[in-house]
Protein chains: 2
Amino acid sequence: MQNLAERMRAEGYRVTPQRMAILRVLLRGAHHPTAEDVYRQVAAQFPMMSLATVYKTLKVLGALGEITVLQMESRKHYDANATPHPHVICIKCHSIVDLPSAAMPELPEQMLAHTGFRILGYNLRVIGLCPKCQKQKQQEASTVNQRKENLE
Amino acid sequence: MQNLAERMRAEGYRVTPQRMAILRVLLRGAHHPTAEDVYRQVAAQFPMMSLATVYKTLKVLGALGEITVLQMESRKHYDANATPHPHVICIKCHSIVDLPSAAMPELPEQMLAHTGFRILGYNLRVIGLCPKCQKQKQQEASTVNQRKENLE
DNA sequence: ATAAATGCAAATGGTTTGCGTATGT
DNA sequence: ACATACGCAAACCATTTGCATTTAT
């Protein structure tokens, strides 16, 4: 928490009460809140907070690698192959490639047991860089570091 | 394709030219089209097609289990735990439970190799029914079958 | 002092819905 | 004949953006 504040400053971000409040909610953890959830919790003790700031801050924290964002893409994709199989998705161009279902690794069942869930299946999304984007990246390799622009 | 037409009728759905056209696009497969993509392809030979119909049809095909829909939820969730770890998600109430990263199974590297992707990581989302929803379902067990309502 | 962050409101973009008309059964 | 599907336009909802104001540095 303190370390993060310093890291933010070091990376050129400002440490504001809003950002700390949002971070505090996230560190309470355990609930995988949506932006809306975070907003409600922060607004309770911080009435001036705006939803836009929550979104902006979440983006910053994501860029800093301090939080995980579940479910990156917003658009749905449809696949005539109805049997579950893993996908490999390019982080840059979002192209999607199928893998055979045989590529599904075994789930470590015992780790799931204590959740009490009845397991129905699973979704494996491998993240990577497609061949085309790898080449592109090499060409850009000599360019300036654009960390902040990477917020996308 | 023919079988599907019959299955649709058997299940009480109508077989329309639009639906067949959409299905044909999906069966061309290989590209994991978005709704928009499907629309464009179908509209090329079927100018009257509407985007709303594409969405409605995709929903029907999904309900029939004939296609896979990638990325079900639209809302993002944030997790203060930045190290990648699998999640168990309830299909009914969408509650999310963390698993320790130790639960990450080994990826079968050789299956990925031929994709040419540079693998950066992966996302494992286990789908199931949480304990609470399991109980609820048992109580509803005696109720009428509501397949079509399950479109959600 | 000044560049960056905030809060507001308007815009965006994918998806859904309501409704009157057309069509498969 | 009649319920279901269609096409259109409007509605929705999460997220983003522009901009004038405030604030951390």
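A note on names: the letters A, B, ... follow the listed sequences, proteins ahead of strands, and every chain is numbered from 1.
Atom CD in A:Glu6 sits roughly 11 Å away from atom P in D:dT25 (whole-Å rounding). What separates CG of A:Leu64 from P of C:dA5 is a distance of 11 Å, to the nearest Å. At whole-Å resolution of the value, CG in A:Leu51 and C1' in C:dC8 are 11 Å apart. The separation between B:Tyr39 atom OH and C:dT16 atom P is 17 Å, rounded to whole Å. Computed from coordinates, the A:Tyr78 OH to C:dG14 P distance equals 12 Å when rounded to whole Å. A straight line from NZ of B:Lys59 to C1' of C:dG14 spans 12 Å, rounded to a whole angstrom. When rounded to the nearest whole Å, the span between CG of B:Leu58 and C1' of D:dA5 equals 15 Å. Summarising the geometry, the separation between OH on A:Tyr13 and C1' on C:dA3 is reported as 14 Å, rounded to the nearest angstrom.
Comparing C:dG24, D:dG7, D:dT15 against the side chain of B:Lys76 picks out D:dT15 as the nearest. For A:Thr16, the listed nucleotide lying nearest its side chain is D:dA24; candidates were D:dG7, D:dA24, D:dA5. Taking every side-chain heavy atom of B:Arg19 into account, D:dA5 is the closest of D:dA5, D:dT16, C:dT15.
Within the 4.5 Å cutoff, no side-chain heavy atoms of B:Val54 are placed close to those of B:Gln18. Using a 4.5 Å cut-off on side-chain heavy atoms (C-beta onward), B:Asp79 and B:His85 make contact. The shortest distance between side-chain heavy atoms of B:Leu26 and B:Pro33 falls below 4.5 Å. The closest side-chain heavy-atom distance from B:His77 to B:His87 is not below 4.5 Å. With a 4.5 Å cut-off on side-chain heavy atoms, A:Val69 and A:Leu58 do not count as touching.
In terms of phosphate contacts, B:Tyr55 brings no side-chain nitrogen or oxygen within less than 4.0 Å of OP1 or OP2 of C:dT16. For the OP1/OP2 pair of C:dG7 and a distance below 4.0 Å, the side-chain nitrogens and oxygens of A:Gln18 include at least one atom meeting the criterion. One finds a side-chain N or O of A:Arg9 lying less than 4.0 angstrom from the OP1 or OP2 phosphate oxygen of D:dT25.
Residue A:Leu112 shares its hydrophobic cluster (ILVMFWY side chains chained together at separations under 4.5 Å) with A:Val88, A:Val97, A:Leu99, A:Met104, A:Leu107, A:Phe117, A:Ile119, A:Tyr122, A:Leu124, A:Val126, B:Val88, B:Val97, B:Leu99, B:Met104, B:Leu107, B:Leu112, B:Phe117, B:Ile119, B:Tyr122, B:Leu124, B:Val126.
More than 12 heavy-atom neighbours from other residues, nucleotides or ligands sit within 6.0 angstrom of CD on B:Gln110.
Side-chain contact check for B:Asp37 and B:His32: no donor-acceptor pair (N or O, by modelled atom type) lies under 3.5 Å.
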Every protein N/O lying under 3.5 Å from an N/O of nucleotides 18-20 of chain D:
from: D:dG18; atom 1: O6; to: A:Lys56; atom 2: NZ; distance (Å): 3.2

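Map B:His77 and B:Ser50 each onto its nearest nucleotide of DNA chain D; the residue landing nearer the 5' end is B:Ser50.
When heavy atoms are screened at a 4.0 angstrom cut-off, B:Glu36 is found touching no nucleic acid atom at all. Residue-level contact check: A:Pro47 touches neither bases nor backbone, having no heavy atom under 4.0 Å from any strand.
No hydrogens or angles were tested; on distance alone, a donor-acceptor pair under 3.5 Å links the side chain of B:Arg14 to the base of D:dA3.
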